[in-house]
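Read the numbers this way: they start at 1 and go in the same order the structure lists the ligands and their atoms. As the structure is a computational prediction, the values presented were derived from the model and not from experiment.
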Amino acid sequence: MTAARTAVVTGASSGIGAATARKLAEAGYRVILTARRKERIEALAAELPHAEAYPLDVTDRAAVDAFAASLDRCDVLVDNAGGALGTDPVATADPADWRAMYEVNVLGVLNVTQALLPALTASGDGTVVVLSSTAGHGTYEGGGGYVAAKHGAHVLAETLRLELCGQPVRVIEIAPGMVKTDEFALTRFRGDEAKAAKVYEGVAEPLTADDVADTIAWAVTRPAHVNIDLLVVRPRAQASNTKVHREA
Ligand SMILES: NC(=O)c1ccc[n+]([C@@H]2O[C@H](COP(=O)([O-])OP(=O)(O)OC[C@H]3O[C@@H](n4cnc5c(N)ncnc54)[C@H](OP(=O)(O)O)[C@@H]3O)[C@@H](O)[C@H]2O)c1
């Protein structure tokens, strides 16, 4: 029996990745959830109709290659693993933070995409989704390292789309603005809950992980000849990276 159409989601242990795994399972995909936290992906996989968990650090190329070799097929790859560290200005930011953000947001996407591209192509109708950000399309003060990394993710997606033209693989970039997930801001502020909460303070309705997962599932489930190149999605209260309406 041939395996069901298979979607791999990186960073599926929380936030947008976890919500995307749920939506793609609802859409009928067999979903492979990957992230570093094994217990979380195993718990979520157990809830879904046809899902598996595979612990994976996307910055570990040897582990990524072993993961790719273990797959019998791959039709959809959602390169979601990523995140921000700090809001220090360029003048004083720690280069180690910049390096870590480049590692996961750019090289992590490169590692998994390169490793799964043969399977995506062999599927005859493959889709790569790169989760960049509105930080990949404009900057803001204190955003430097994250903005640079997400511009890298955006450029990777654009370049790959050009290079794959004529082959049966779509490259979709989803660029969300402010999304209130449990961990994104907490990770950025290294566990400081008060600082993390301030990011969303007074914003009536930031996007949710489900909102973004919905756009991903929609883009992925368009007919094969329809490539949603880039989808920018923000909450109504956010007109740009620097203009956010906050209620008093
Ligand atoms: N929240 C926002 O406002 C927002 C806006 C635009 C774009 N984004 C982007 O959307 C994506 C998801 O964000 P989110 O808000 O859902 O954040 P999140 O809840 O912090 O999720 C990040 C996910 O990435 C995984 N991850 C981090 N480093 C990894 C690594 N080296 N290898 C494998 N997995 C790794 C984490 O899992 P483990 O720790 O278990 O490995 C986690 O599942 C990120 O790329 C983020 O940059 C977020």
Side-chain angles (χ1 to χ4, degrees), residues 8-23 32-45 53-64 67 77-87 97 99-112 115 129-138 140 143 145-154 156-157 173-191 196-200 203 205-213 215-216 230-235 237-238 241 244:
V8 170
V9 181
T10 68
S13 61
S14 65
I16 295 167
T20 300
R22 286 184 193 279
K23 291 271 182 212
I32 317 273
L33 296 90
T34 74
R36 291 167 302 179
R37 284 169 296 175
K38 182 172 182 276
E39 312 70 39
R40 279 182 169 245
I41 49 173
E42 281 179 348
L44 179 52
Y54 190 109
L56 184 67
D57 180 338
V58 295
T59 67
D60 179 344
R61 184 54 192 253
V64 169
F67 167 61
L77 165 63
V78 183
D79 280 310
N80 164 78
L85 281 177
T87 52
D97 284 346
R99 198 170 291 118
M101 288 189 278
Y102 194 84
E103 278 280 344
V104 66
N105 292 292
V106 185
L107 298 180
V109 174
L110 180 70
N111 285 337
V112 184
V129 179
V130 175
L131 253 289
S132 64
S133 167
T134 51
H137 296 268
Y140 54 94
Y146 182 60
V147 165
K150 286 301 192 186
H151 273 72
H154 160 64
L156 186 159
E173 177 186 350
I174 307 284
M178 182 187 282
V179 192
K180 189 173 181 189
T181 54
D182 293 341
E183 297 188 354
F184 179 83
L186 212 51
T187 302
R188 180 168 220 171
F189 292 106
R190 302 170 215 279
K198 269 222 163 309
V199 172
Y200 310 104
V203 182
E205 283 179 297
L207 293 177
T208 64
D210 269 350
D211 292 328
V212 180
T215 67
I216 295 169
L230 168 65
L231 200 155
V232 178
V233 51
R234 300 182 198 266
Q238 183 186 34
N241 287 351
V244 178

Taking the minimum heavy-atom distance to [atom], which of [options] ranks first?
atom                    : options                      : result
atom 44 (C) of ligand 1 : Leu186, Ile41, Asn111, Asn80 : Asn80
atom 18 (P) of ligand 1 : Gly15, Ser132, Ser14         : Ser14
atom 5 (C) of ligand 1  : Gly177, Ala18, Ala175, Ser13 : Gly177

Which atoms of ligand 1 sit under 4.0 Å from any heavy atom of [X]?
X      : answer
Arg37  : 37 (O), 38 (P), 39 (O), 40 (O)
Pro176 : 5 (C), 6 (C), 7 (C)
Gly83  : 47 (O)
Leu56  : 32 (N), 33 (C)
Glu183 : 19 (O), 20 (O)

### Task
Check step by step if side chain to side chain contact (heavy atoms under 4.5 Å, CB included) holds for Leu33 and Val9.
CA-CA 5 Å; Leu33 296 90; Val9 181; 5.7 Å; no

### Query
Any non-hydrogen atom of Val104 lying under 4.0 Å from ligand 1?
yes

#### Entry: ligand 1 contact by Ala209, heavy-atom criterion under 4.0 angstrom
no

### Message
Run Ile174 and Val212 through side chain to side chain contact (heavy atoms under 4.5 Å, CB included) and show every step you take.
### Response
CA-CA 8 Å; Ile174 307 284; Val212 180; 4.3 Å; yes

Using a cut-off of 6.0 Å, state whether more than 12 heavy atoms not belonging to [X] lie near its atom [atom1].
X      : atom1 : result
Arg190 : CZ    : yes
Tyr102 : OH    : no
Asp210 : CG    : yes

### Query
Between Arg36 and Asp60, does at least one N-O distance fall below 4.0 Å, as a salt bridge requires?
no

Shortest protein heavy-atom distance from [atom], along with the residue and atom involved:
atom                    : value
atom 34 (N) of ligand 1 : Ala81 CB, 3.5 Å
atom 31 (N) of ligand 1 : Asp57 OD1, 2.9 Å
atom 17 (O) of ligand 1 : Phe184 CB, 3.8 Å
atom 28 (N) of ligand 1 : Arg36 NH2, 3.2 Å
atom 8 (N) of ligand 1  : Tyr146 OH, 3.7 Å
atom 25 (C) of ligand 1 : Gly11 CA, 3.5 Å
atom 32 (N) of ligand 1 : Val58 N, 2.9 Å
atom 15 (O) of ligand 1 : Thr181 OG1, 2.7 Å

Geometric N/O contact [X] with ligand 1, under 3.5 angstrom:
X      : answer
Ile16  : yes
Ala35  : no
Val179 : yes
Lys150 : yes

### Message
Do Phe184 and Val179 make a side-chain contact, defined as non-hydrogen atoms from C-beta onward lying under 4.5 Å apart?
### Response
no

### Message
I'd like to check Phe189 versus Lys198 (side-chain heavy atoms, cut-off strictly below 4.5 Å). Are they in contact?
### Response
no

### Task
Evaluate side chain to side chain contact (heavy atoms under 4.5 Å, CB included) for Leu107 paired with Thr59, printing each intermediate quantity in order.
CA-CA 7 Å; Leu107 298 180; Thr59 67; over 6 Å; no

Atom pair [atom1]/[atom2] of [X] and [Y] - distance to nearest 0.5 Å:
X      : Y      : atom1 : atom2 : value
Asn111 : Leu56  : CG    : CG    : 9.0 Å
Asp97  : Arg188 : CG    : CZ    : 10.5 Å
Leu231 : Ile216 : CG    : CD1   : 9.5 Å

Let me have the donor-acceptor pairs involving side chains of residues 11-18, under 3.5 Å, with sequence neighbours excluded, atom names and distances please.
from, atom 1, to, atom 2, distance (Å)
Ser13, OG, Arg37, NH2, 3.3
Ser14, OG, Glu183, OE1, 3.4

### Task
Have a look at ligand 1 and work out which part of Thr34, if any, has a heavy atom under 4.0 Å from it: side chain, backbone, both or neither.
neither

### Query
Per the side-chain hydrogen bond (donor to acceptor under 3.5 Å, both in side chains) rule, which among Glu173, His151, Lys150 passes with His137?
Glu173

